[in-house]
Amino acid sequence: MPIPGPALRARIEPNATAPELIRNFCIIAHIDHGKSTLADRMLQLTGVVEARAMRAQYLDRMDIERERGITIKSQAVRMPWQVGETPYALNMIDTPGHVDFTYEVSRSLAACEGAVLLVDAAQGIEAQTLANLYLAMENELEIIPVLNKIDLPAAQPEKYAEEIGNLVGVDPEDVLRVSGKTGMGVEALLDKIVGTIPAPVGDADGAARAMIFDSVYDIYRGVVTYVRVVDGNLNPRERIAMMSTGATHELLEIGVISPEPIPTKGIGVGEVGYLITGVKDVRQSKVGDTVTTQVKPATEALGGYEDPKPMVFSGLYPIDGSDYPALRDALDKLKLNDAALNYEPETSVALGFGFRVGFLGLLHLEIVRERLEREFNLDLISTAPNVIYEVDLEDRTTVTVTNPSEFPGGKIREVREPVVRATILTPSEFVGTVMGLCTDRRGTLLGMDYLSEDRVELRYTLPLAEIVFDFFDQLKSRTRGYASLDYETTGDQVADLVKVDILLQGDKVDAFSAIVHKDKAYDYGVRMTEKLKELIPRQQFEVPIQAAVGARVIARETIRAMRKDVLAKCYGGDISRKRKLLEKQKEGKKRMKTIGSVEVPKDAFIAALSSDAGGGKKEK
Ligand SMILES: Nc1nc2c(ncn2[C@@H]2O[C@H](COP(=O)(O)OP(=O)(O)OP(=O)(O)O)[C@@H](O)[C@H]2O)c(=O)[nH]1
């Protein structure tokens, strides 16, 4: 994408560094409600990206984001906008809409004074609409409610304007109606942003303080750090300090993004821009941290900083053991660009050398796994996702378990599991179905409210282990896609949990072990042995499959031996057919992991848990 020419650059570099001419806002919404498309349209309307250069969802740079149509990394971009004779600089932050990335959303919100709350006019308010609205209100942002996709025949603007008006406390007539796709209403929205969102305030003469709200590794420039300046200013060539660690770096470049990096002479109060210091690891430039200057350091950091904490763990193993060094190097590279990625070496009896990797959630797990396979050409096995358990033993010691194989065998006094507070929005017709699913996943109803005559908000406490795998898929499939989910961790609870082991030919396969509630152990054992019987191909010998709790076998299946050699029917036949069969067999072996003497398909480790995982009863 070419850097804008002098004419455009002149418009982008107005004297809008004055805080009263700056508006910092973000776009927040439920997944797929149109944030990125609206951002595209704003880029075009403000002339920052000419129509011919526009690719749909311009700001979603990662391939996976574009293929999956979801925004993962927040992007900040500065847009010039004139109201009357006055030129303004609008700093827009397009935020991730997925529950895995709530921390990043919260840091983007902290960099703004206002938020465009976008609601799909054909869907209405969803769970993440509420979650992001509450986050924006916690940050005391000015909210501009907007109905999007009003070009859709299924749009019901009157109905949902009423819903949003009740929620945000504005007259439904004041809810803007736009179409990110056609551009209708977007100019009026830009004017409303200037007229409604307050200008940033700060102490221009104070010690510099800037909040990091994104940090991206670039293979050519090293880490590009996105900041919002609250006090003072930052200038090229001065030394800056990270307040969470005290580390200092020389500022090699500073500028604004519009939509590509444009170096400037510095950024001051209220400005949103980027810093390049030459560091190579995003961990040296943490989202939520405060940047100050070494020469005149601030005494107090800006609030809200947290180290990202992994919520879900999974084992990652190369199918081919000789790929272990390549997997380690690939994780080291991904870590440069993903501050939330945690991993450490792990050994499995069944799978060999691998890593126990911590993720923010299931989408984060899938994205990392896809990137490892696609960008580093690795063939991987990932074991079922686990949460962190705390196990108190009779001898007063406590074991932290992130891998079922670490679950202690001794006398257990108490097991604690993480729980979340879940918000589910559903049409009223599915309330019973949703309550049944939550009860089955050991949920406790906290309350329910009718948002309108046919939309209900349900609030549950649920064990994290019961939702990390396929709760969301089950929720969607049982409500014909209409229900939506958001959750946040709220601590832990004591639970009666046991470890269920799976044995192949009498040998325990640690990669298949799982920690489930005692009441669900039998169902889980039956389902896993049945599933594995389906997934593991017949071998030259009989393969007994057992599920056991400790020494007690609770379920078993047997895979009968294969009667004949694949080549049996083509002895004496044409050589090409024989070669094709052997090729096919070799191809098939690449996707297999040999455990003991049994060949297990790599997907068996996840597929075995599919359809109704999480130890739930056999669901209808
Ligand atoms: N008809 C119509 N479709 C739209 C409009 N805005 C977005 N879409 C479509 O809705 C889908 C989601 O749009 P995105 O802009 O990716 O939504 P998003 O909120 O950024 O999605 P996430 O980044 O995953 O949260 C895409 O297929 C868009 O083409 C609109 O105004 N009208």
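Bear in mind the structure is a predicted one, so any value in this text is a computation, not a measurement. All residue numbers refer to positions in the sequence shown, counting from 1. All ligand and atom numbering here is 1-based and tracks the order in the structure.
Short contacts between ligand 1 and Thr37, defined as distances under 4.0 Å to a heavy atom of the residue, involve ligand atoms 6 (N), 7 (C), 13 (O), 14 (P), 15 (O), 28 (C). Ligand 1 places these atoms under 4.0 Å from at least one heavy atom of Leu152: 1 (N). For ligand 1, the atoms lying closer than 4.0 Å to a non-hydrogen atom of Asp151 are 1 (N), 2 (C), 30 (C), 31 (O), 32 (N).
Without hydrogens or angle criteria, Arg23 side chain to Tyr88 main chain gives no donor-acceptor distance under 3.5 Å. Listed for the Asp486 side chain is no donor-acceptor partner under 3.5 Å among the backbone atoms of Thr423.
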Side chain to side chain contact (heavy atoms under 4.5 Å, CB included) between Lys335 and Tyr343, intermediate numbers included: CA-CA 9 Å; Lys335 187 172 175 171; Tyr343 57 90; 3.4 Å; yes
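Looking at Gly180 next to ligand 1, an N or O pair under 3.5 Å apart turns up. When only interatomic distances are considered, the shortest N/O to N/O separation between Leu38 and ligand 1 does not fall below 3.5 Å.
Applying the side chain to side chain donor-acceptor pair (under 3.5 Å) rule to Lys159 yields the partners Asp454; only residues at least two apart in sequence or on another chain are considered.
With salt bridges taken as basic N to acidic carboxylate O contacts below 4.0 Å, none links Arg107 and Asp214.
In this structure, of His33, His30, Lys149, Lys181, the residue bringing a heavy atom nearest to atom 9 (C) of ligand 1 is Lys149.
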